[in-house]
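Have a look at the structure below before the remarks.
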Amino acid sequence: MTAATPIGTGTFAKTPLSHLLVSLVERGLSGTVVFETPSGAKSALVLERGIPCKVRTAESVALGPLLVKLGHVDKRAAQETFAISREQSSLHGQVLLAHGLLGADELELALRAQIAAKLELIGDLGPDTVFGVYEGADYLAKWAGGATPVAPLCLIWRLIQHRTEPAVVSQVLAHVGRIPLRIHAHAQLEHFGFGRTELSLLEVLRARPQDIEALNQMGILASHLIERLVYALTITRHLDLGTGARPIGIGLAASRLETFLSPKSVPRHSRPVMLSATPPPGAVAAVTASAAPRIATGVAPANSPQAPAVSPLASPAAPAAAAAKSPAKNSDSSPPSSRAETLLLERRQALEQLAISIADKDLYEVLGVASDVPATAVQAAFFHLAKLHHPDRLGPGLADLRPLATRVFSRMTEAHQTLSDPNKRATYDHRRSQDASEDAESLQVQKVLAASASFQKADVLFKKRMLAAAELEAKRAYEGDPEQPDYAAFYAWILASKPDAELQLPQLLEMLDEAVKRNPESERNRYYRAQLLKRLGRIADALADCRLIVERNPHHTDALRELRLHNMRRGGSTRPGGSKSGANPSSRPRPSGGKSNPPQGSKGKASQPEGLLGKLFKR
């Protein structure tokens, strides 16, 4: 079927590309979007049931240079294999695969990254770019290369991160105002391809609704990234704003569609100078920018080991003084230069530990005094500490730690100025008593963050087949936030993957039943349950889960494979919905507890866009 006239037209000036994609996903559109610049350059995007599958741009985005940029193929190999592909009239990716330069999985990830790069290029076209939407038409059907489905929410988030004007973001966020933001009960945040830091912030938001200002005060993400994150969740309705509308994009993509090819050598995040030969436990995790961020309440992140407590009253050179006063058995055998280096290293470690821990101490702890001491004792404690930790007293051997010493001394100065002034001290004491009443809530937020981090680590470790480490992290996630059904389901799945798990399968199935009951939208959890049902011999129930997954997401490869294998063994149709597909799924109630919703792309049943997105097209 082809369409001679578009069902909708517009310009980027009125409808940014991210908004256009949201509307197409909501409609579940199958067809082609054609983009044309004032100069006549044309690009095209093909979608199947709302999922982007093919993109062709006026300006080429070649696979070879992309792989070179990501470090997976060197420039010479890319050029040589491209020349071979031209000679053989074959696809460059297939030549790379045939020569062993890429694996099949890497090629699929690279093709998705190529589609994302092409969409970003389209997003860079000027505001006068015109687009038309042609339903039911595939204008790239004869173009070389097959379809490569990519998770639409993941593409939308990439565009919003890098290709959305701040004015557009501000316009949408103006409708949100200062209301507490709440994650929608049916939200599937994993389909956006968010990074670890973004997911940590969202887990905090899931634990307690908060407004944008409160999220900014946490310091987890830069303010402009928080705004774009909230913007993305707003236009896709993954925030519950009280309208009753379901999130957009639910069930449109399996988790395998959300991954792009990553650079081979990922640059490390910057961190403060840490020159100790043996950093103290938790030191690196606490000061690395990529670690779980510090909350505004002043409580240390719970997902990293706490650094050993260091008394601010103790001199960094105290170990040296104690060693000099109490003769050690081997003191005479160590040369003076070696002892000096050891003492310098100990002082370095003590200062690094103090710089890490001092931000989490209250002002009384900073000065090492009780909360009822008079102002004279506060002043005496400060002067004593100033002699020990002033940046000018570091000496040449510790000159590189001056930024850390400055941070420590600034905190001590703040404590002195506040606690020695009666009015400031009274205000601080009042706020301190209020903070104490909120400790339980702060600790809960910390547990949520730690569980989120452990869940993500477990996922990575499991994919690397590091089963023991994955089990440990998954257990931490499950115990840290037992209210998250995804954590329970993944932990049960890892336990079921162990060689000696057969006797535990009934108990693990109960965990998965509960997880599916609490989050019936999760395809991943439902597929885990289908696998356990199959191992327990409950084939009909397993097939019912797989059919429900495929009804909601026809691109779920694993569920499709299970249905086809079953049909082939029975000698029936290989079509998931065929009449000989095996056991009747109606032999027991649907795992979801009711009838599944029709696919968003089904003809005649596609819901119309609502609110702001309903005004995107003119017919």
Side-chain angles (χ1 to χ4, degrees), residues 180-192 194-211 214-215 218 220 229-230 233 237-242 246-247 250-251 255 292-293 295 297 299-304 437-462 470-496 504 507-529 532 591-593:
L181 306 175
R182 185 186 305 274
I183 301 295
H184 199 287
H186 298 292
Q188 292 185 345
L189 303 179
E190 65 274 14
H191 284 185
F192 285 88
F194 290 133
R196 177 177 175 180
T197 309
E198 288 92 350
L199 287 173
S200 297
L201 180 72
L202 293 175
E203 289 302 331
V204 172
L205 194 59
R206 194 191 291 273
R208 184 183 67 177
Q210 302 179 64
D211 59 21
L215 294 177
M218 290 181 181
I220 296 178
L229 188 64
V230 173
L233 297 179
R237 299 205 296 261
H238 280 65
L239 286 179
D240 187 355
L241 301 178
R246 288 172 60 84
I250 294 298
S255 58
I295 306 299
T297 54
V299 182
N303 64 326
S304 61
S437 65
E438 298 176 357
D439 279 350
E441 185 176 4
S442 299
L443 288 175
Q444 180 60 32
V445 170
Q446 291 293 34
K447 289 179 66 177
V448 168
L449 279 173
S452 173
S454 292
F455 177 70
Q456 294 166 50
K457 290 178 185 176
D459 193 28
V460 172
L461 292 168
F462 188 74
E471 179 186 348
L472 178 61
E473 293 296 343
K475 182 179 180 182
R476 288 173 177 170
Y478 172 59
E479 293 177 348
D481 192 357
E483 297 302 315
Q484 280 289 348
D486 292 352
Y487 298 175
F490 191 42
Y491 182 45
W493 177 244
I494 291 178
L495 292 177
Q504 292 183 283
Q507 292 80 8
L508 298 178
L509 180 60
E510 291 179 4
M511 290 178 63
L512 284 167
D513 282 337
E514 181 64 22
V516 171
K517 178 181 178 181
R518 292 167 61 187
N519 185 9
E521 303 289 344
S522 174
E523 299 164 10
R524 182 162 141 167
N525 298 351
R526 195 175 290 275
Y527 180 73
Y528 291 160
R529 185 173 73 172
L532 259 66
S592 64

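It should be emphasised that the depicted structure is a prediction, and the values quoted were computed from it without experimental measurement.
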Could you give the distance from [atom1] ([X]) to [atom2] ([Y]), rounded to the nearest 0.5 Å?
X: D513; Y: L508; atom1: CG; atom2: CG; value: 11.0 Å
X: E514; Y: R529; atom1: CD; atom2: CZ; value: 11.0 Å
X: L512; Y: E510; atom1: CG; atom2: CD; value: 10.5 Å
X: Q484; Y: E203; atom1: CD; atom2: CD; value: 5.0 Å
X: N525; Y: W493; atom1: CG; atom2: CH2; value: 11.5 Å

Contacts of [X] that satisfy side-chain contact (heavy atoms from CB on, under 4.5 Å) - sequence neighbours left out:
X: L472; value: R476
X: A187; value: I183, H184, L189, H238
X: P209; value: P180, R182

Provide the closest heavy-atom pair for [X] versus [Y] in the form atom of the first, atom of the second, distance.
X: A470; Y: I494; answer: O-CD1, 3.7 Å
X: V448; Y: V204; answer: CG1-N, 4.2 Å
X: G480; Y: K447; answer: O-CE, 3.6 Å
X: A477; Y: S454; answer: N-CB, 3.9 Å
X: L449; Y: S200; answer: CD2-O, 3.2 Å
X: N519; Y: P485; answer: CB-CG, 3.7 Å

Trace of the side-chain contact (heavy atoms from CB on, under 4.5 Å) decision for F462 with E473: CA-CA 10 Å; F462 188 74; E473 293 296 343; over 6 Å; no

Which residues pass the salt bridge (charged side-chain N to carboxylate O under 4.0 Å, His left out) test with D240, sequence neighbours left out?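 In terms of salt bridge (charged side-chain N to carboxylate O under 4.0 Å, His left out), with neighbours along the sequence ignored, D240 is linked to no residue.
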
[X]: partners by ring-ring contact (aromatic ring centres under 6.0 Å, His included), with sequence neighbours left out:
X: F194; result: W157, F192
X: Y487; result: F455
X: Y478; result: Y491

Going by the rule side-chain hydrogen bond (donor to acceptor under 3.5 Å, both in side chains), which residues pair with [X] if we only count those two or more places apart in sequence or in a different chain?
X: R206; value: none
X: E471; value: K498
X: Q210; value: R208
X: Q456; value: S452

According to salt bridge (Lys or Arg N to Asp or Glu O under 4.0 Å), does anything in residues 483-494 pair up with another residue at least two apart or in another chain? List the pairs.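 Passing the test, one end in residues 483-494: E483-R518.
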
Does Q188 use its side chain to pair, donor to acceptor, with the backbone of E521 at less than 3.5 Å?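 Present.
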
Is a donor on one side and an acceptor on the other found under 3.5 Å between the side chain of R526 and the backbone of P520?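 Here the side-chain-to-backbone pair exists.
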
Any non-hydrogen side-chain atom of V516 less than 4.5 Å from a side-chain atom of Y528?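 No - every pair of side-chain heavy atoms lies 4.5 Å or more apart.
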
Got L233 and L202 here, is their nearest side-chain heavy-atom distance under 4.5 Å?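 The answer is yes; the side chains approach within 4.5 Å.
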
